Amino acid sequence: MPELPEVETVVRSLREPLVGRCVESVWYDWAKVVKTPSAEQFTARLQGQTFHAITRRAKYIVCQMDQDLFAVHLKMTGRLYVSETDHPGDRWVHLRVRLDNGLHLCFSDARRFGRVYLINDMYEIAPNLGPEPLEADFTADILRERLNGRHRQIKALLLDQSFVAGVGNIYADESLYRAQIHPLRAADSLNADEIIRLHESIRHTLELGINHEGASINWYRKPDGERGESQDYFNAYGKEGQPCTRCGQPIVKIRVAQRGTHYCPNCQPEK
DNA sequence: CCAGCCCCCTGTCGGC
DNA sequence: TGCCGACAGGGGGCTG
């Protein structure tokens with residue numbers, strides 16, 4: 001569900017309601033929602049800490065507290081939002097943090113893949129994250145260096161968070177479509193021009209996603225409950241059988257790295 | 001290093 | 001209408 005643009009949208013909307021607030025208490029109905037430390041320790045330690053900053057690293061939401069980092073990964077169907085009531089009418093809320101102004105930070109997740117963490121450093125839970133694709137230091141040269149010697153399918157590599165952080169299934173397809181690169185191409189077979197195009201495309205599609213406040217295909221909603229609009233601007237993802245916006249040929253769907261993969265066989269040639 | 005599978009879970013949708 | 005398999009935006013782990 002949420003990829004970099006959706007997580008970034010959540011982070012931006014949570015800053016105003018959370019920064020400066022103190023945790024009064026923590027409620028959960030399913031201990032496994034807390035990945036580390038134990039749910040009991042998590043609750044005890046988080047209580048009394050104040051939110052100082054809300055940031056994003058890869059697809060993690062990272063809250064800087066007094067002593068710890070409070071991190072959240074939404075995985076496929078997770079949602080994180082502030083509610084004015086402790087009964088938001090959401091049957092999938094598994095963790096609630098009561099704030100000192102009476103509001104609640106709710107973590108909701110239908111599929112229960114999402115997790116929360118209380119740590120000192122992101123390295124504890126994600127030691128091998130790749131570069132942030134929207135940072136200035138993610139240059140085309142860096143991308144070329146990282147592709148060098150990698151023989152994996154380029155789509156599988158884009159999904160690998162140790163290669164580049166934050167790209168998921170949707171934006172991988174959209175990036176390869178825009179760069180006109182077939183998803184099954186070997187990563188080390190891209191020529192200099194294709195690498196420059198891919199670099200520009202990754203950044204462009206992610207920034208566009210953020211500007212449209214994320215994509216709401218199914219579960220994702222902005223913290224205010226509204227749908228993002230990024231999905232209205234997709235060219236490949238979910239467009240199977242529909243005419244390519246560039247050439248008119250039907251978009252094809254295949255499976256790559258066990259994920260549905262959409263591309264234009266005419267604009268993204270196999271070789 | 002890499003492809004392929006399984007698993008963690010639940011909801012939705014299309015086919016029969 | 002009802003059942004059933006396939007599939008879903010993520011990621012960790014194992015095998016060969």
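Per chain, numbering begins at 1; letters A, B, ... match sequence-line order. In this text, all values refer to a predicted model and were calculated from it rather than measured experimentally.
- Between D109(A) and K75(A) there is no salt bridge, since no side-chain N of the basic residue sits under 4.0 Å from a carboxylate O of the acidic one.
- In terms of phosphate contacts, Q161(A) brings no side-chain nitrogen or oxygen within less than 4.0 Å of OP1 or OP2 of dG10(C).
- Nearest-nucleotide positions on DNA chain B for D109(A) and G149(A) put G149(A) closer to the 5' end.
- Among the atoms of the strands shown, only primed sugar atoms or phosphate atoms (P, OP1, OP2) are found under 4.0 Å from some heavy atom of Y237(A).
- The phosphate of dG11(B) (OP1 or OP2) has a side-chain N or O of R91(A) nearer than 4.0 angstrom.
- The R112(A) side chain lies nearest to dT10(B) when the options are dG11(B), dT10(B), dC7(C).
- As rounded to whole Å, 16 Å separates atom P of dC5(B) from atom CZ of R259(A).
- dC7(C) sits 16 Å from dG4(B) when the P atoms are compared, rounded to a whole Å.
- Of the candidates dA8(C), dG4(B), dC9(B), the closest approach to any side-chain atom of Q258(A) belongs to dG4(B).
- L159(A) has its CG atom 12 Å from the P atom of dA3(B), to the nearest Å.
- Cation-pi check for R57(A) over Y60(A) is not met; the charged atom does not lie both under 6.0 angstrom from the ring centroid and within 45 degrees of its normal.
- In this structure, of dG11(C), dC7(C), dC2(B), it is dC2(B) that holds the atom nearest to the side chain of R150(A).
- Applying the salt bridge (Lys or Arg N to Asp or Glu O under 4.0 Å) test between R56(A) and each of E8(A), E135(A), E6(A) identifies E8(A) as the sole match.
- Y171(A) and F234(A) have perpendicular rings, their planes meeting at more than 60° on a 0 to 90° scale where under 30° would count as parallel.
- Once the 5.5 Å centre distance and the 30° plane angle are applied, the aromatic ring of F113(A) is found stacked with the base of dG10(C).
- For K59(A), taking side-chain heavy atoms from C-beta onward, the closest of the listed nucleotides dG10(C), dG11(B), dA8(C) is dG10(C).
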Distance-only donor-acceptor hits, side chain of residues 239-256 of chain A, under 3.5 Å, sequence neighbours excluded:
{"from": "T245(A)", "atom 1": "OG1", "to": "Y177(A)", "atom 2": "OH", "distance (Å)": "3.0"}
{"from": "T245(A)", "atom 1": "OG1", "to": "N235(A)", "atom 2": "OD1", "distance (Å)": "3.0"}
{"from": "R246(A)", "atom 1": "NH2", "to": "Y177(A)", "atom 2": "O", "distance (Å)": "3.4"}
{"from": "R255(A)", "atom 1": "NH2", "to": "Q258(A)", "atom 2": "O", "distance (Å)": "2.6"}

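- In the set dG4(B), dG11(C), dA8(C), the nucleotide with an atom closest to the side chain of R111(A) is dA8(C).
- The distance from atom OH of Y171(A) to atom P of dG10(C) is 11 Å, rounded to the nearest whole Å.
- Atom NE2 of H151(A) is surrounded by 12 or fewer heavy atoms from other residues, nucleotides or ligands within 6.0 Å.
- Only W30(A), K32(A), listed by number, bring a heavy atom of residues 30-37 of chain A to less than 4.0 angstrom from any atom of DNA chain B.
- Annotation: salt bridge (Lys or Arg N to Asp or Glu O under 4.0 Å) contacts of R197(A) (sequence neighbours excluded): D193(A).
- Between H73(A) and dG10(C), a side-chain N or O to OP1/OP2 separation shorter than 4.0 Å is absent.
- In a base pair of the Watson-Crick type (N1 to N3 plus N6-O4 or O6-N4) or a G-U wobble (N1-O2 and O6-N3), with each distance short of 3.5 Å, dC9(B) is matched with no nucleotide.
- Of the candidate nucleotides dC7(C), dA3(B), dG11(C), dA3(B) has the atom nearest to the side chain of R152(A).
- Among the heavy atoms of the strands, none lies under 4.0 Å from R115(A).
- Between the P atoms of dC9(B) and dC4(C), the separation comes to 22 Å (whole Å).
- Residues D173(A) and H262(A) bring a donor and an acceptor atom of their side chains to less than 3.5 Å of each other.
- The interatomic distance linking K155(A) (NZ) with dG4(B) (P) rounds to 14 Å, in whole Å.
- When each of dA3(B), dC9(B), dG11(B) is scored by its nearest atom to the side-chain atoms of W92(A), the top-ranked nucleotide is dG11(B).
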